[in-house]
Every structure is written in C-alpha cells, then in structure tokens.
Protein chains: 2
Amino acid sequence: MERHMDAVDEIIDGWQRVMPSEDVEPMGVFSRIGRLAQRFDALRRNALAAHGLQLGDFDVLSAIRRCPDGAMTAGQLAKENLVTSGTMTNRIDRLVARGLVGRSADVADARIVRVQLHPEGQRIVDAAFVELLRIEHELLGCIRDADRQPLVDRLRELLARIEA
Amino acid sequence: MERHMDAVDEIIDGWQRVMPSEDVEPMGVFSRIGRLAQRFDALRRNALAAHGLQLGDFDVLSAIRRCPDGAMTAGQLAKENLVTSGTMTNRIDRLVARGLVGRSADVADARIVRVQLHPEGQRIVDAAFVELLRIEHELLGCIRDADRQPLVDRLRELLARIEA
DNA sequence: TCCCAATATCTTGATGTCAAGATACCGTGG
DNA sequence: CCACGGTATCTTGACATCAAGATATTGGGA
C-alpha cells in the first residue's frame with residue numbers, strides 16, 4: 001500500500017518532470033534530512049526559549065556540561081559546535097553576562113581562555129536537556145522499535161562519509 | 001563487531017554519564033540528523049558558490065523551476081521555503097537585481113506579486129541542480145542499495161510526525 | 001454604498017553569524 | 001637571547017534572517 005505523498009515527494013516529482021534524464025533518488029534522503037533538521041530546530045528553539053536559552057547558548061552549555069573537566073577552552077567549543085571563533089566569543093559574552101558561565105585564564109598558556117559552568121548555568125542546561133529529550137522521545141514514537149537501530153546505523157554511515 | 005564511535009556517540013556517552021537516569025537513545029537519531037544537515041548545508045553552500053548562488057537563492061529559483069506554471073507568488077515561495085515574508089522580499093530583490101527572475105503584478109489581485117524565472121535564471125538553477133545531485137549520489141554511495149528504501153521510509157515517517 | 005476583517009507584500013530595527021584581520025602569546029631554532 | 005612562524009582569542013564590518021508593524025488591496029456584510 002502506498003503511503004500518501006509528503007512535501008519532499010512533491011519536490012522530487014517536480015524535478016523529475018523537469019529533468020527526466022536525471023536520477024533524483026538521493027533527494028528522498030537528503031531533502032528529508034534537511035527538512036527534518038529545519039523543523040526540529042524550530043521545535044528546539046521554541047522549547048529552549050522557555051528556559052531563556054537560544055540554540056547556540058544551549059550548545060555551548062551542553063558541551064561544557066558533558067565534559068569531564070567541567071571546563072573547555074573557547075577554541076574547543078568553537079570546533080565542537082562547528083562555528084567560528086568570533087561566533088563563540090559572542091556566545092560566551094552572552095552567557096558570561098547572564099552569569100551562567102565564567103571565563104578564566106589558563107595557568108600554563110595565557111592565550112587560552114577556559115570557560116566553566118556556574119551552578120545556575122548547570123541547573124538551566126540540565127532542565128533544558130531533560131525537556132529536549134522528552135520531545136525527542138515523543139517524536140521517535142512513530143518509529144517501530146525494531147526499525148530504530150537500522151535507522152541509526154544508516155545515519156551513522158552517512159555522517160562518517162560526510163565528515164571524511 | 002562494533003563500528004568505531006563517531007562524534008555523536010561521544011556526545012551521547014557524555015550525557016549518559018552526567019544523567020544516568022535518562023534514556024538518551026533518541027539522540028542517536030536526532031543529533032545525527034542535525035549534524036548531517038549542518039555538514040550537508042556546508043557542502044551545498046560551497047557547491048552553489050561556484051554558480052554565484054547562496055542557499056536561499058537556490059531554494060527560490062528551484063521552487064519556481066519545478067512549478068508547472070513557471071511562476072509563483074511571493075507568499076507561496078515564503079511558505080514553501082519556510083521563511084518569513086520579509087526574508088522572501090530580500091531574496092527576490094537580490095535575484096531581480098541580477099536579472100535571474102522578474103516580478104510582475106497579478107492581473108486579478110493587485111496585492112499579489114508573481115515571480116517568474118528568466119532564461120539566465122533557469123540556466124543557472126539547472127546547472128546547480130545537476131551538480132548538487134551529483135554530490136548527493138556520491139554521498140549516498142556509502143549506503144547499500146537494499147538499505148536505501150527503509151531509510152527513506154523511516155525519514156518519511158519522522159517528517160510526517162514532525163510536520164503534524 | 002460604506003466599513004472592516006482578512007489577505008499579501010514590503011519596511012524597519014535588532015540580532016546572530018561569518019570572514020578577515022588585529023592582538024597577544026607560545027615555543028623552537030639560530 | 002632574540003626572531004619568527006604557529007596558535008588562540010577577540011574585534012570589525014557586512015549580511016541574511018526574523019518579528020512586528022506599515023501599507024495596500026480584496027471581498028463580503030450592514
């Protein structure tokens with residue numbers, strides 16, 4: 001039985017009609033991934049706003065939170081979040097102004113800035129994380145249990161390929 | 001046999017260690033989708049730059065290109081691209097300035113602005129599309145043929161859920 | 001006919017991000 | 001001990017986007 005067409009199927013059909021000689025199969029994967037990420041980001045943005053955070057803020061707090069040392073350098077944060085150093089400076093400024101993190105100089109290398117989580121920052125990021133996880137559980141409910149691991153495996157393969 | 005851990009597995013492990021009571025399984029799906037989209041967008045941005053386009057430009061041209069009428073209203077474009085009307089005004093301004101599209105008033109309703117593709121715009125968007133498709137084929141090569149349809153099916157399920 | 005809510009687009013002001021350059025610092029080799 | 005390439009962060013200027021409001025138009029109901 002055919003599931004009804006979604007927005008991506010419409011897009012694929014449109015291109016297939018205009019360029020009949022091309023094999024547009026890959027769009028079924030990549031367009032859906034792009035669209036999923038876009039919609040999911042909107043959900044996350046909305047959920048985080050209730051905690052007074054924006055997406056970038058959460059990513060920074062989250063990276064520090066799950067780091068064993070309890071602190072990371074600005075450069076590590078920028079690399080892990082896939083943003084430029086200038087963007088990271090801005091984000092840290094914002095979080096410092098709210099008292100959620102602190103900057104401190106490295107003892108051995110004065111070029112390095114360590115960023116550590118303050119108690120209030122940890123409280124907020126933990127609460128936000130739990131809520132985001134709740135949303136993800138809710139969304140993932142539409143995938144049958146047995147289908148989940150294969151899905152994760154395919155995504156892992158794609159990610160390995162694209163990050164190589 | 002265990003595949004080696006990727007960046008998302010590290011993130012998941014980090015959170016699992018900090019919050020042992022939570023079931024973080026869904027992150028394996030959603031964090032990978034987000035990261036994939038981010039990396040893939042960077043690839044697309046790079047490929048499109050060679051054609052003198054940015055992501056938003058391509059999305060606009062692409063939407064008009066695959067529309068049977070050969071023209072769309074500003075509002076339709078904004079809705080289909082998931083951006084605000086202000087953003088769409090900017091994008092159309094940019095494309096009109098380069099002569100890739102044209103604005104014209106609707107005959108029946110003076111509020112409506114129709115945007116149609118000019119020949120040069122069609123040439124550029126077609127060339128860009130073929131190149132993007134080539135990149136997608138290349139990336140999708142890492143997924144075995146038999147695994148592709150199940151992957152598409154799961155993504156379609158997720159998308160249907162998240163857009164509902 | 002006239003009014004008014006709904007519709008479609010554009011304008012304005014603020015913001016987050018990036019690219020490129022500036023600044024400060026480290027460590028090695030002469 | 002000094003110079004210099006490499007490293008880490010911050011600053012600057014430009015830009016795409018958004019939210020909210022302004023403008024203009026339509027279609028119906030009093």
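The sequence lines fix the lettering, A, B, ..., with proteins before strands; numbering per chain opens at 1.
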Review point. With sequence neighbours excluded, what pairs up with B/F129 under the ring-ring contact (aromatic ring centres under 6.0 Å, His included) test?
Key: A/W15
Check your understanding: So how far is it from B/I112 CD1 to B/Q76 CD, rounded to the nearest 0.5 Å?
Key -> 8.0 Å
Study note, to complete from the structure: Residue pairs meeting salt bridge (Lys or Arg N to Asp or Glu O under 4.0 Å), one or both in residues 24-33 of chain A, sequence neighbours left out, come to A/D6-A/R32, A/D9-A/R32, A/E25-B/R148
Donor-acceptor pairs are to be reported for all side-chain atoms of residues 113-123 of chain A against protein atoms at under 3.5 Å, with residues two or more places apart or in another chain.
unit_1 : atom_1 : unit_2 : atom_2 : d
A/R114 : NH1    : A/D106 : OD2    : 2.5
A/Q116 : OE1    : A/S104 : OG     : 3.2
A/H118 : ND1    : A/G99  : O      : 3.2
A/E120 : OE1    : A/R123 : NE     : 3.1
A/E120 : OE2    : A/R123 : NH2    : 3.0

Review point. Which residue lies toward the 5' end of DNA chain C, A/L55 or A/S85, if each is placed at its nearest nucleotide?
Key: A/L55
Practice item. Tell me which of A/G86 and A/I112 sits closer to the 5' end of DNA chain D, going by the nucleotide each one is nearest to. Key: A/I112
Run the side-chain donor-acceptor check on residues 34-48 of chain A: report pairs under 3.5 Å with partners two or more places apart or on a different chain.
unit_1 : atom_1 : unit_2 : atom_2 : d
A/R35  : NE     : B/E163 : OE2    : 3.1
A/R39  : NH1    : B/E163 : OE2    : 2.9

Check: protein-nucleotides 24-29 of chain D nitrogen or oxygen pairs below 3.5 Å:
unit_1 : atom_1 : unit_2 : atom_2 : d
D/dT25 : O2     : B/R111 : NH1    : 3.3
D/dT26 : OP1    : B/A110 : N      : 3.4

Check your understanding: What nucleic acid atoms does A/R114 come within less than 4.0 Å of, heavy atoms only: base, sugar-phosphate, or nothing?
Key -> nothing
Practice item. Can you measure from CD (B/E131) to CG (B/D126) and round to the nearest 0.5 angstrom? Key: 13.5 Å
Review point. Looking at residues at least two apart in the chain, or sitting in another chain, which of them share a salt bridge (charged side-chain N to carboxylate O under 4.0 Å, His left out) with A/D13?
Key: none
Practice item. Report the distance from atom CG of A/L77 to atom OG1 of A/T73, rounding to the nearest 0.5 Å. Key: 6.5 Å
Revision key, fill the gap. So, with a heavy-atom separation below 4.0 Å from DNA chain D, the residues of residues 66-83 of chain A are A/T73, A/A74, A/G75
Check your understanding: For B/R161, which residues count as a salt bridge (charged side-chain N to carboxylate O under 4.0 Å, His left out) partner, sequence neighbours excluded?
Key -> A/E138
Exercise for review: Consider only side-chain heavy atoms of I, L, V, M, F, W and Y, link residues closer than 4.5 Å, and tell whether B/V130 and B/L140 are in one cluster.
Suggested key: yes
Point to revise | Partner residues of B/R144 under the salt bridge (charged side-chain N to carboxylate O under 4.0 Å, His left out) criterion, sequence neighbours left out | key: B/D147
Exercise for review: On DNA chain C, reading 5' to 3', which nucleotide is the first and which the last to sit with an atom under 4.0 Å from a heavy atom of chain B, could you check?
Suggested key: C/dA6 to C/dT11
Practice item. Remember a base hit wins even if backbone is also touched, and classify A/R45 as base, sugar-phosphate or nothing at under 4.0 Å, heavy atoms. Key: nothing
Review point. Does A/T89 reach the main-chain N or O of A/S85 with its side chain, forming a donor-acceptor pair under 3.5 Å?
Key: yes
Check your understanding: Among pairs that include at least one residue of residues 69-94 of chain A, which meet salt bridge (Lys or Arg N to Asp or Glu O under 4.0 Å), considering only residues two or more places apart or in two chains?
Key -> A/D57-A/R94, A/R66-A/E80, A/D93-A/R103
Heteroatom pairs (N/O) under 3.5 angstrom, protein to nucleotides 14-16 of chain D:
unit_1 : atom_1 : unit_2 : atom_2 : d
D/dA16 : OP1    : B/Q54  : NE2    : 3.2
D/dA16 : O5'    : B/R94  : NH1    : 3.4

